[in-house]
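Numbered from 1 within each chain, the chains take letters A, B, ... in sequence-line order.
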Number of protein chains: 2
Amino acid sequence: MQDMHLVHHECGDCPIRHRAVCARCETDELARLEQIKYYRSYQAGQTVIWSGDRMDFVASVVSGIATLTQTLEDGRRQMVGMLLPSDFVGRPGRATAAYDVTATTDLVMCCFRKKPFEDMMVTTPRVAQRLLEMTLDELDAAREWMLLLGRKTAREKIASLLGIIARRDASLRLKTPKGALIFDLPLTREEMADYLGLTLETVSRQISALKRDGVIHLDGKRHVTIPDFDRLMDEAGDDSDGGVLG
Amino acid sequence: MQDMHLVHHECGDCPIRHRAVCARCETDELARLEQIKYYRSYQAGQTVIWSGDRMDFVASVVSGIATLTQTLEDGRRQMVGMLLPSDFVGRPGRATAAYDVTATTDLVMCCFRKKPFEDMMVTTPRVAQRLLEMTLDELDAAREWMLLLGRKTAREKIASLLGIIARRDASLRLKTPKGALIFDLPLTREEMADYLGLTLETVSRQISALKRDGVIHLDGKRHVTIPDFDRLMDEAGDDSDGGVLG
DNA sequence: TTCCTGACTTGATTTACATCAATGCTGTTT
DNA sequence: AAACAGCATTGATGTAAATCAAGTCAGGAA
């Protein structure tokens, strides 16, 4: 992976997404962040931090995927966040982690010690403003996710998740064979189940059903082809009228 | 209701919660907000705004309760937010509403025209910083809610919701008869169902079950007594170790 | 090659909740 | 006082997804 650290997203590579900090247009702010940054790497499956643990840094995903999960006493697990490159982890003003953070793929994060980062938020308003935008985006995503968890059927849940992954992948690759989307699932069946509030068996059955009905193709267990994205979206049950920015 | 507009929460009354704007300690900022504020009132049941509608203001709840809901094509509804006094509605930088906003009780909101408010966010970093804190709190609440929607049983969902309402009420009243909590449900059974991802019949049945088992008392349909809050929380199924700030 | 392991699939059965359908309350209208 | 409307309760039945239980399949180690 190229060095994605702290340069402008619209220039291709900024973990604190565009506008907050930019190597080209905000060199002074960048310089301040440079002084407190460091990297951490994790292998697929490793836990980054446990809920309740002391957390003396905030961070930004450079490459790979991390998940946030919550667990009930008896072990029931619910994923509550999926962090992709450029997403932010950690909360300024909080001393301990509120969720389990796990690397589901190999993961590189760019970390900032909390205290200096917080100081910088005060002296550099633009960082707080950018963080606000990102947090509002996450809140919207969380609310979309709540609709999925509370009201969608298993089939709709699977279709929605495939849509989310496909869209993200498309935005990374920017180029797709005519109409069809192709990608590898970055999650196991169990992780998908934790995302969707289902069991892994139900996930498996519904994927088989979508395959049987020609909505998706599967090559092996992970390699997915979506021949008709609109068809998939019909299966997702979402409100018809455009997106949030309609 | 007293005039709750734009003074310090810790002094009893601030719709943009404490620290951002305070009549006593931040008079200059207050003055700027004063110039662009106005009030709106709604009756219980009225819709404040529909998802997709143009929204040229942001606002803060002064009194009453508003809900945010999302709807699927076929009418399935999921509540995704419950706004209490001091909570913020609307998103700087977005032109249209992303959710249906409804007054579930009589409601008064303090509004700010979007453009001047956004200008002020740039010139007054403290407002953006405070908004960030509030949004992060909301995100945490949303994630807690996701765990509820995805993994809790109907009984646990009801117990959790009663706990949430009881806690909020306790924090408003600051005083409770020895041990027992007493409050009126601000939601209909159907609204509770939309909150919890259930049907109203299931809500009704589970409330009856909790009553039968002595976890709660009901006087009429809305007036609730919680004789033992810890007992209720056991029913909610949550992780044992303290709160987020443990 | 065989064995093993972890991820996945598929089948049989159970169950929690949804759905369909009365019926009961409480307050308001006339 | 009767009639009505809006909420809430309760019962009977149906069903989507969970649970329990075998398998299958691909990759890695011995």
Side-chain angles (χ1 to χ4, degrees), chain A residues 43-46 67 72 74-78 102 104-105 148-162 184-213 216-224 235 237, chain B residues 43-46 67 72 74-78 102 104-105 148-162 184-213 216-224 235 237:
Chain A
Q43 291 173 353
Q46 255 192 304
T67 60
L72 296 170
D74 60 3
R76 283 174 284 172
R77 284 164 57 85
Q78 177 64 53
T102 311
T104 60
T105 65
L148 175 151
L149 289 171
R151 295 303 188 191
K152 287 189 180 177
T153 65
R155 174 184 258 246
E156 289 168 338
K157 286 178 175 182
I158 296 288
S160 301
L161 177 55
L162 292 174
D184 285 310
L185 287 171
L187 305 175
T188 66
R189 299 292 185 266
E190 186 168 24
E191 285 164 339
M192 293 175 72
D194 286 342
Y195 189 112
L196 300 170
L198 297 172
T199 59
L200 67 93
E201 293 95 328
T202 298
V203 169
S204 181
R205 272 186 253 273
Q206 295 300 332
I207 288 179
S208 298
L210 289 173
K211 188 169 58 172
R212 180 166 21 77
D213 299 345
I216 63 174
H217 291 241
L218 257 190
D219 189 9
K221 291 146 195 296
R222 298 292 194 92
H223 195 70
V224 182
E235 296 284 352
Chain B
Q43 290 173 352
Q46 256 193 303
T67 60
L72 262 22
D74 60 3
R76 283 173 284 171
R77 283 163 56 85
Q78 177 65 53
T102 312
T104 59
T105 66
L148 176 151
L149 289 171
R151 295 302 189 193
K152 288 188 180 178
T153 65
R155 174 184 260 246
E156 288 168 338
K157 286 178 175 182
I158 297 288
S160 301
L161 177 55
L162 291 175
D184 285 310
L185 286 172
L187 304 176
T188 65
R189 299 291 184 266
E190 185 169 24
E191 286 163 340
M192 293 176 72
D194 286 342
Y195 188 112
L196 300 170
L198 297 171
T199 60
L200 68 93
E201 293 95 329
T202 298
V203 169
S204 183
R205 273 185 251 272
Q206 295 299 333
I207 288 179
S208 298
L210 289 173
K211 188 168 58 172
R212 179 165 22 75
D213 299 345
I216 63 174
H217 291 243
L218 256 190
D219 188 9
K221 292 145 195 295
R222 298 293 193 94
H223 195 70
V224 181
E235 295 286 350

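A straight line from CZ of B:R212 to P of D:dT10 spans 9 Å, rounded to a whole angstrom. Taking atom CD of A:E156 as the reference point, atom C1' of D:dA16 lies 12 Å away to the nearest angstrom. Note: CZ (B:R76) to P (C:dA18) measures 13 Å, nearest angstrom. As rounded to whole Å, 9 Å separates atom P of D:dT10 from atom NZ of B:K221. Atom CG in B:L149 sits roughly 15 Å away from atom P in D:dA17 (whole-Å rounding). Atom CE in A:M192 sits roughly 15 Å away from atom P in C:dA7 (whole-Å rounding). For the pair A:L210 CG and C:dT9 C1', the computed distance is 15 Å after rounding to whole Å. Residue B:D184 contributes atom CG, which lies 12 Å from atom P of D:dA8 at whole-angstrom precision.
Looking at the side chain of A:E201, the nearest of the listed nucleotides D:dC7, D:dT10, D:dC20 is D:dC20. When the nucleotides D:dA17, C:dA18, C:dT10 are ranked by their closest atom to the side chain of A:S204, C:dT10 comes out on top. Of the candidates C:dC17, C:dT9, D:dA17, C:dT9 carries the atom nearest the A:R189 side chain, counting heavy atoms from C-beta on. With C:dT9, C:dA21, C:dG24 as the choices, the nucleotide that has an atom nearest any side-chain atom of A:L200 turns out to be C:dT9. The side chain of B:L218 approaches D:dT9 more closely than any other nucleotide in the set C:dC8, D:dA17, D:dT9.
Residue A:T202 has a polar side-chain atom (N or O) positioned under 4.0 Å from OP1 or OP2 of D:dA18. For A:T199 and D:dA18, the shortest distance from a side-chain N or O to OP1 or OP2 is below 4.0 Å. The shortest distance between the side-chain N/O atoms of B:S208 and the OP1/OP2 oxygens of D:dT10 is below 4.0 Å. At C:dC8, one or more side-chain N or O atoms of A:R222 fall inside 4.0 Å of OP1 or OP2 (strictly under the cut-off). Remark: A:T188 is not in phosphate contact with C:dA7, judged by side-chain N or O atoms under 4.0 Å from OP1 or OP2.
Among the atoms of the strands shown, only primed sugar atoms or phosphate atoms (P, OP1, OP2) are found under 4.0 Å from some heavy atom of B:G197.
Where A:R151 and A:G220 meet DNA chain C, the nucleotide closest to each residue was compared, and A:G220 sits on the side nearer the 5' end.
B:E156 places no side-chain N or O within 3.5 Å of a backbone atom of B:E235 that could act as its donor or acceptor partner. Judged purely by atom type and a 3.5 angstrom limit, A:S204 has no side-chain atom pairing as donor or acceptor with the backbone of A:L200. A:R76 places a side-chain N or O within donor-acceptor distance of the main-chain N or O of B:R151, the cut-off being under 3.5 Å.
For the side chain to side chain contact (heavy atoms under 4.5 Å, CB included) with A:L210, the qualifying choice from A:H217, A:R155, A:R205 is A:R155, the only one to do so.
The base of D:dC7 lies outside donor-acceptor range of the side chain of B:E190, with no N or O pair under 3.5 Å. One donor-acceptor pair, N or O on each side, does fall under 3.5 Å between the base of C:dG11 and the side chain of A:R205.
With a 6.0 Å radius and a threshold of 12 heavy atoms from other residues, nucleotides or ligands, A:Q46 has its CD atom above the threshold.
Here the shortest heavy-atom pairing between A:A193 and A:T199 reads CB-C, 3.5 Å.
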